Amino acid sequence: MSGDYIVIQPTSRWLYKCWDDAKMAQLIEGLATSRLPVVLTAAPDKKELEMVDHIISLCRAVKPVSLAGQLSPPQLAAVIEGAHRLFIGVDSAPMHMAAALDTPCVALFGPTKLQRWRPWSEKSTVLWAGDYAELPDPDTIDTQTRQRYLSAIPLEPVLTAARGYLSAPDPLTVRDLAP
């Protein structure tokens, strides 16, 4: 799988690292103007699969493709690497894969040690919930909380960052034109 699609990893094994399902659905619909299919990924965990199903159910105008729970880690890496236009995700292993694979990345972060766990890639934009609301100290987080701290991040900055990557020249086309 390679080329013209967007990968979104909306889930994490910890709910406090997830954005609102409704905002994720609005993001998917907002990206429809790019005319690129959206591929959703997630671990084969029951809660993550339910979250992806809920997000898809909230999409009205556009239905994303779900590969949630269907990919081995090497297959997931190949899908992320093949999405040479954009990866959008929460603080999770797939987000780190995107950064390592140099896939343009919009990463949503909450109460984690941002400087340590942010994507280490020049092709990444980090949106931190702490810029929009007060967050608890990362060392005090109850990983079993149902609180979604990323909900403080509004839709518009995520959509703007994503559109910025999508409006850039296709990196494969630019590379192909080089002497």
Side-chain angles (χ1 to χ4, degrees), residues 1-12 17-44 48-109 118-128 150 153-178:
M1 189 171 205
S2 179
D4 291 335
Y5 59 91
I6 299 164
V7 172
I8 298 180
Q9 170 81 25
T11 63
S12 167
K17 290 186 172 190
C18 297
W19 202 30
D20 297 334
D21 294 358
K23 287 180 186 173
M24 195 60 76
Q26 291 170 335
L27 174 65
I28 292 165
E29 293 196 344
L31 294 172
T33 58
S34 73
R35 301 200 191 290
L36 296 174
V38 172
V39 176
L40 297 180
T41 60
E48 290 189 38
L49 296 174
E50 288 171 356
M51 186 182 299
V52 168
D53 287 345
H54 186 238
I55 290 166
I56 292 170
S57 77
L58 296 172
C59 293
R60 301 289 176 234
V62 177
K63 292 295 181 187
V65 174
S66 177
L67 295 179
Q70 300 175 42
L71 304 172
S72 67
Q75 290 170 325
L76 176 60
V79 168
I80 291 170
E81 185 175 34
H84 61 264
R85 297 297 300 276
L86 182 61
F87 171 92
I88 302 169
V90 297
D91 176 13
S92 62
M95 180 276 305
H96 291 292
M97 286 180 176
L101 294 166
D102 213 25
T103 299
C105 174
V106 176
L108 308 180
F109 271 78
R118 66 177 172 71
W120 293 3
S121 166
E122 292 182 20
K123 292 182 181 177
S124 295
T125 299
V126 174
L127 295 162
W128 182 53
L150 274 63
I153 301 172
L155 172 65
E156 201 53 44
V158 181
L159 201 48
T160 298
R163 286 178 176 154
Y165 285 110
L166 294 172
S167 67
D170 182 342
L172 293 180
T173 304
V174 171
R175 189 177 312 136
D176 291 342
L177 295 175

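A quick note: this is a predicted structure, and the numbers were derived from the prediction, not measured.
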Grab the two heavy atoms, one from [X] and one from [Y], that are nearest each other, plus how far apart they are.
X      : Y     : result
Pro64  : Ile28 : CG-CD1, 4.1 Å
Val90  : Cys18 : CG1-CA, 4.2 Å
Thr103 : Ala83 : CG2-O, 3.0 Å
Gln75  : Gln70 : OE1-O, 3.9 Å
Tyr165 : Arg85 : CB-O, 4.1 Å
Lys17  : Asp91 : NZ-OD2, 3.2 Å

Does [X] use its side chain to pair, donor to acceptor, with the backbone of [Y] at less than 3.5 Å?
X      : Y      : result
Arg60  : Glu29  : no
Glu48  : Ala43  : yes
Lys123 : Cys105 : no
Gln9   : Thr11  : yes
Ser57  : His54  : yes
Trp19  : Met24  : no

Could you tell me the separation between the [atom1] atom of [X] and the [atom2] atom of [Y], rounded to the nearest 0.5 Å?
X      : Y      : atom1 : atom2 : answer
Leu67  : Thr41  : CG    : OG1   : 7.5 Å
Leu166 : Ile6   : CG    : CD1   : 4.5 Å
Asp102 : His84  : CG    : NE2   : 12.5 Å
Leu76  : Leu101 : CG    : CG    : 9.0 Å
Gln26  : Leu58  : CD    : CG    : 9.0 Å
Leu150 : Leu108 : CG    : CG    : 5.5 Å

Residue pair Val62 / Val38, side-chain heavy-atom distance below 4.5 Å:
no
How far apart are the C-alpha atoms of Ile8 and Leu31, what are their side-chain angles, what is the distance that settles it, and do they pass the side chain to side chain contact (heavy atoms under 4.5 Å, CB included) test?
CA-CA 11 Å; Ile8 298 180; Leu31 294 172; 4.2 Å; yes
Residues Leu86, Leu36; criterion side chain to side chain contact (heavy atoms under 4.5 Å, CB included); working and verdict:
CA-CA 10 Å; Leu86 182 61; Leu36 296 174; over 6 Å; no
